[in-house]
Structure formats: C-alpha cells, structure tokens
Protein chains: 2
Amino acid sequence: MQDLSPQQNDQTGIDEAIVSGILSARIRPGTRLGESEVASLFSVSRTRVREAMMRLEQRGIVKVSPRRGWFVVEPSAEEAMMVYAARRVIEAGLLRSMEELTTSGRETLHAHLAEERLAIAAGDRQRLTCLMGDFHIRIAELSGNTILVEILRDLTARTILISLLYQSDFHAMQSHLGHCRIVAAMEEGDFLKAAALSVDHLDEVETGLDLTRRPDPLADLRHSLSLPPQTAAASSNAPRKAKPEINRGE
Amino acid sequence: MQDLSPQQNDQTGIDEAIVSGILSARIRPGTRLGESEVASLFSVSRTRVREAMMRLEQRGIVKVSPRRGWFVVEPSAEEAMMVYAARRVIEAGLLRSMEELTTSGRETLHAHLAEERLAIAAGDRQRLTCLMGDFHIRIAELSGNTILVEILRDLTARTILISLLYQSDFHAMQSHLGHCRIVAAMEEGDFLKAAALSVDHLDEVETGLDLTRRPDPLADLRHSLSLPPQTAAASSNAPRKAKPEINRGE
DNA sequence: CTTTCCAAGCTTGTATGCAAGATTTGTCGC
DNA sequence: GCGACAAATCTTGCATACAAGCTTGGAAAG
C-alpha cells in the first residue's frame, strides 16, 4: 500500500496527512482506508481515525461503505462535471472580484510558475500533479479569503482523484501555458480576461478527460500484475471476474 | 435553552437537526451544545453526537473549545466579511454561468417569492429569516450542481448567525425587492444583470450590518431576564460583570 | 465438476469507561 | 467585606469492549 507518510507530524492531524497523500497523487481513488489499519499507522485508537474519516467524508474526499470500510472517493462522471463546474464558478468569480495584483502576490505566482517549469524539466510527474492543483489555490490565497481557499483545496483534491480516474495522459506543458496566460492577464490588471482564461483552462482540462470510461475497479491489481492498462475497447469486453480489489499490503 | 427539535426524525441525523435549528434562527450564535446534553435529547450516546459535531465543525458551523464544550460559531467581523465575499463570488459566478431559466425553475422561484410575501404580511420574522436565506439556495439548486448547493447552504447558515450577531434590524421588504429584481433579470434571460444585482443585493445586506459591534456574550442571559437589548452606547459603559466572555479569543 | 449453503473471520457501528483539564464554588486568611 | 486558594464538579479527549453485518472460504449435495 502507498504509505500515508505516517511519520508526518501527528499534530497536523490524520486528515491532512491523507489529504496531502491525495494531493500528491500517492493515494489512488478507491483506496481502502481501514480504520484499524490507519489507526496502527498513526499509533492511535480507531476513535480518532474515525473522527478524521467523518470530517473527510464531509469534505467529499472519502466515503464509507457500511460495515465494509472507508474508501477514497471515486467520483462518477456526473460528480466530475460538477466539480469542474464548481471550480469554474468559484475561480472565475474570484478573479473577477479581484482588483489588483500586489507585488508579493506577483512574486508568489512567478515562483510557482518557476516550480512548475522545474518539475516539467525534471519530468517529476507526481510533483507536477501537486503543483498543477496548487496553482489555483495560490490564486485563491491572494484574495485572503480563507473560506474560499479551503473550499478550493477540497475541490482540488477531488480534481486530482478525477484525473487519476479519467485522464489518460495529461499535457503538463499545455496546463502550464494556461497558467502562464492567466498570470499574464493578472499582471496586466485585466482580471476579467484572467477569469475568462481560467474558465477556458478548466474547460480544456475537462475536455481532456475521458468521462465515458468507467472507473476500473481492477486498476490496482492490474498494475500490480504489470498487465497493460485498461483501454476503452478492452473495458467493454473484459471478463469482470475476480475480487473487487482489496488492500494490497502488509 | 432553545430546543433543537429533537423530535425531528432521527434518520435525518443530528447534524441536520442542528443546522435546521440555525437556519430557522431558533439556535443563536454562541449557544453551547454539550455532548451529553444533545445526546440525551436524541437518545443516543455521546459518540454519535461527537461525530456530528466533528462534521459540523468541518462545515464551519460549530467550534470546540477544548475541555469546555461545543459552541455554535460566533463569526468575527473578518469572518463575516469573508462569508459575504465568498457568497458574492459563488452566487454571481453561478448566475453568470447560467444560460436559461426553465419553466419549472421559474415556477419554483415565483412560489418562493410568494412565500416571502406571505411571511412579510404575517410578520413571521423567524420564517422570514429562513426564507431569505433559502432564496439563494433555490437559485443554486437550479444549476443542478449539488456541490455548490451544499457549499451555499453552509454559507447561508453562517450568514444567519452573522445577522443574528450584527444586524440591528433587517429590512425584509428591501431584501424581498432585491430578490424580485434578481428573478426578473433571470426571466429576461439577462444573467449577467442578475449576477450584478446579486452582488448589489449582498452588498446591501452586508452594509446593513454593524460590524463594529462586539458580540454580546450576555445576550442570552439578558434576553432571559427581559432586559433591554444591548445598544452601542450601553455596551461601552455597561458594567461587564459576570463571567469573562467566552472563547472569542485567538 | 459445479453449485449451494453455512460458518468463521474481519470490518465498521455504537456504547461505555476512565483520565485530564477547565470552571465554579466554598472556605480561609486578612 | 474582599481577595486568594483549593477542592469538588462538570466537560471533553481518547481508548476499549462488544454487537451487528458483510465477505469469503470450505464443505456438502447434486
């Protein structure tokens, strides 16, 4: 099983450790998070794990299947569209409501874009996934509205899960350029343009998804066995036998 | 203490009973929600109450003061402004992203406006508070995006708490007219105008707040003793005896 | 050999118990 | 009378225990 980085400071909470695992794409959608399993990882009792799960469920990040266990959500196609729609609404609304880009704000964004370029050059896909989501959070942070930041953070987490499910290949360079364009518009002080670009950017990413593809419950197992990844053609006539993916590990 | 309508169907959950109590302004900000207290009201153990509180905390509706108890949040002035800002961003963004008003949608909105008029005529302030918040949720529901609906529902709950804290007197008719204008614009198919009107409307409500007024920790007691409500003048030279105001620190 | 049914094991759901901290109240000293 | 201190009480924090249900593996029947 992918580790949840339990060595991470216990003070930050189990919640954030799991979210962080998702944001960095170390935890896949559908991953089972057994209460006792996580409890022993963090050296606490099930009670606290359960409380964390309740909070994460509220945030739309995990779901419970009664008496079966907790699972990282596997957003349906409908949910995926709603997440993107919500992000378009909020991010565009946010940009439209902005009035100026402070110097420190500009520096923050440029630093972020530089990091993106670095990760692209290094080909560090995991880090890239994280950065691509973070970009939008950075922008929200500029507004100083922590409420919206938190909302967007959760939506970003779900976005990452969605792309892990439905994105065949993501074009990092394309996304990066989209980000650059948005920042450029902000520097011009043209926040309406930035908002429009943001909508375009999200549309672009959403269009790149293959939402017709049903989530593959065997993805993990398939990967473990080094079988070729599921293709659209294969998914229709694949003999769905075998057990519905259980926690690998320990 | 205000009752939480425990007779409400247990299936709906403790969470929703409390939220419902807030939405209808039966539960005031700062209200203490003791775990065992609520537990006995709902005839369950503290465990389930605690889980409900964890979820509500995540939704920004209650806060825990360690080893002291759970309290319905008393948003600070900064938080209040953030809530309104977030609502402006989301609601305006939502309206701008809409493209048509369906027939059933129009009927829903008109039915709602009719209810508002009814409540105004009856002078039912409690019901009115609830309806005024619901209007914006109705609009979000038109989009079919349940994610945004849930977000707005929580923001609305917080809005009601804010107005209970900072609103000296709310002008129901003014708000109602604002709603009417928004609906009219939507009927014209002019969603940009509707979005602008929505921003104006929220601005208007926010302007009507007295954010300089510190929350009165004695409000409940004062009310129980039938003392006159706190005025800006009285608050400055009132002999602050009794307990040191509860956790509004940090 | 295949199918059906039952039991054992594991997982969550819920309650309860105990410990630690905060508040309050009563008392003592001045 | 008034302020400080200490014990009693109440509250949450956390762990554990037990109940209930799902899953699965194996045995038995066809």
Side-chain angles (χ1 to χ4, degrees), chain A residues 1 4 6 9-18 30-58 61-73 217-218 220-221 239-250, chain B residues 1 4 6 10-15 17-18 30-58 61-73 217-218 220-221 239-250:
Chain A
M1 154 173 277
L4 309 175
N9 188 351
D10 231 19
Q11 290 304 84
T12 67
I14 300 164
D15 314 41
E16 290 317 312
I18 292 177
T31 302
R32 195 183 117 84
L33 298 172
E35 288 184 6
S36 4
E37 197 176 357
V38 178
S40 65
L41 273 178
F42 286 89
S43 309
V44 296
S45 85
R46 274 180 53 218
T47 308
R48 290 183 61 189
V49 175
R50 208 174 153 70
E51 289 171 351
M53 290 300 179
M54 296 278 171
R55 284 187 292 260
L56 289 175
E57 183 180 36
Q58 195 64 50
I61 290 175
V62 304
K63 271 239 174 280
V64 63
S65 177
R67 317 249 176 214
R68 280 183 19 86
W70 295 87
F71 298 87
V72 176
V73 293
L218 306 177
D220 286 342
L221 184 57
R240 292 262 174 129
K241 56 182 297 266
K243 55 196 92 177
E245 160 257 1
I246 266 302
N247 67 328
R248 61 239 154 256
E250 308 183 84
Chain B
M1 159 177 281
L4 310 176
D10 233 17
Q11 289 306 85
T12 66
I14 299 164
D15 314 39
I18 293 177
T31 302
R32 196 184 118 82
L33 299 172
E35 289 183 6
S36 7
E37 197 176 358
V38 178
S40 64
L41 275 176
F42 285 89
S43 307
V44 296
S45 85
R46 274 179 51 219
T47 307
R48 290 183 60 189
V49 174
R50 209 174 152 70
E51 289 172 350
M53 289 301 177
M54 296 278 172
R55 284 188 292 260
L56 289 175
E57 182 180 36
Q58 195 64 50
I61 291 175
V62 304
K63 271 239 173 276
V64 63
S65 178
R67 315 243 178 221
R68 281 183 17 87
W70 295 88
F71 298 87
V72 176
V73 294
L218 305 177
D220 284 343
L221 185 57
R240 288 263 177 131
K241 53 179 293 256
K243 52 198 103 179
E245 69 179 312
I246 35 187
N247 72 327
R248 15 192 311 86
E250 18 190 0

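Atom set for the values below is all heavy atoms of this structure, side chains included, hydrogens, waters and symmetry mates excluded. To find a chain, count down the sequence lines: A is the first, B the second, and so on, and within it residues start at 1.
Atom CZ in R46(B) sits about 8 Å away from atom C1' in dT11(D), given to the nearest Å. The CE-C1' distance, from M54(A) to dT14(C), rounds to 10 Å in whole Å. The nearest whole Å value for the distance from the CD1 atom in I14(B) to the C1' atom in dA15(C) is 13 Å. One can place CZ of F71(B) at 11 Å from C1' of dA22(C), the figure rounded to the nearest angstrom. Nucleotide dG13(D) holds its C1' atom 16 Å from the CZ atom of R50(A), rounded to whole Å. One can place CD of E37(A) at 9 Å from P of dT12(C), the figure rounded to the nearest angstrom. To the nearest angstrom, C1' of dA15(D) lies 11 Å from CD of E51(A).
Mapping S36(B) and T47(B) onto DNA chain D by nearest heavy atom places S36(B) at the nucleotide closer to the 5' end.
Residues I14(B) and V44(B) meet the side-chain proximity criterion, which asks for heavy atoms closer than 4.5 Å.
Within the structure, every side-chain polar atom (N or O) of R48(B) is placed at least 4.0 Å from both OP1 and OP2 of dA15(C). The shortest distance between the side-chain N/O atoms of S45(A) and the OP1/OP2 oxygens of dA15(D) is below 4.0 Å. For the OP1/OP2 pair of dT23(C) and a distance below 4.0 Å, the side-chain nitrogens and oxygens of R68(B) include at least one atom meeting the criterion. A close approach under 4.0 Å does occur between a side-chain nitrogen or oxygen of R32(B) and OP1 or OP2 of dT11(D).
We find the OG1-CD distance between T47(A) and E35(A) to be 9.0 Å, quoted to the nearest 0.5 Å. Between atom CE of residue M53(B) and atom CD of residue Q58(B) there is a gap of 15.0 Å, rounded to the nearest 0.5 Å.
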side-chain contact (heavy atoms from CB on, under 4.5 Å) assessment of R50(A) paired with E51(B): CA-CA 8 Å; R50(A) 208 174 153 70; E51(B) 289 172 350; 3.0 Å; yes
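The base of dA20(C) sits within donor-acceptor range of the side chain of R67(B), with an N or O pair under 3.5 Å.
Here the nucleotide nearest the side chain of V44(A), chosen from dT12(C), dC18(C), dA15(D), is dA15(D).
One finds no salt bridge joining E57(B) and K63(B) here, because no Lys/Arg side-chain nitrogen approaches an Asp/Glu carboxylate oxygen to under 4.0 Å.
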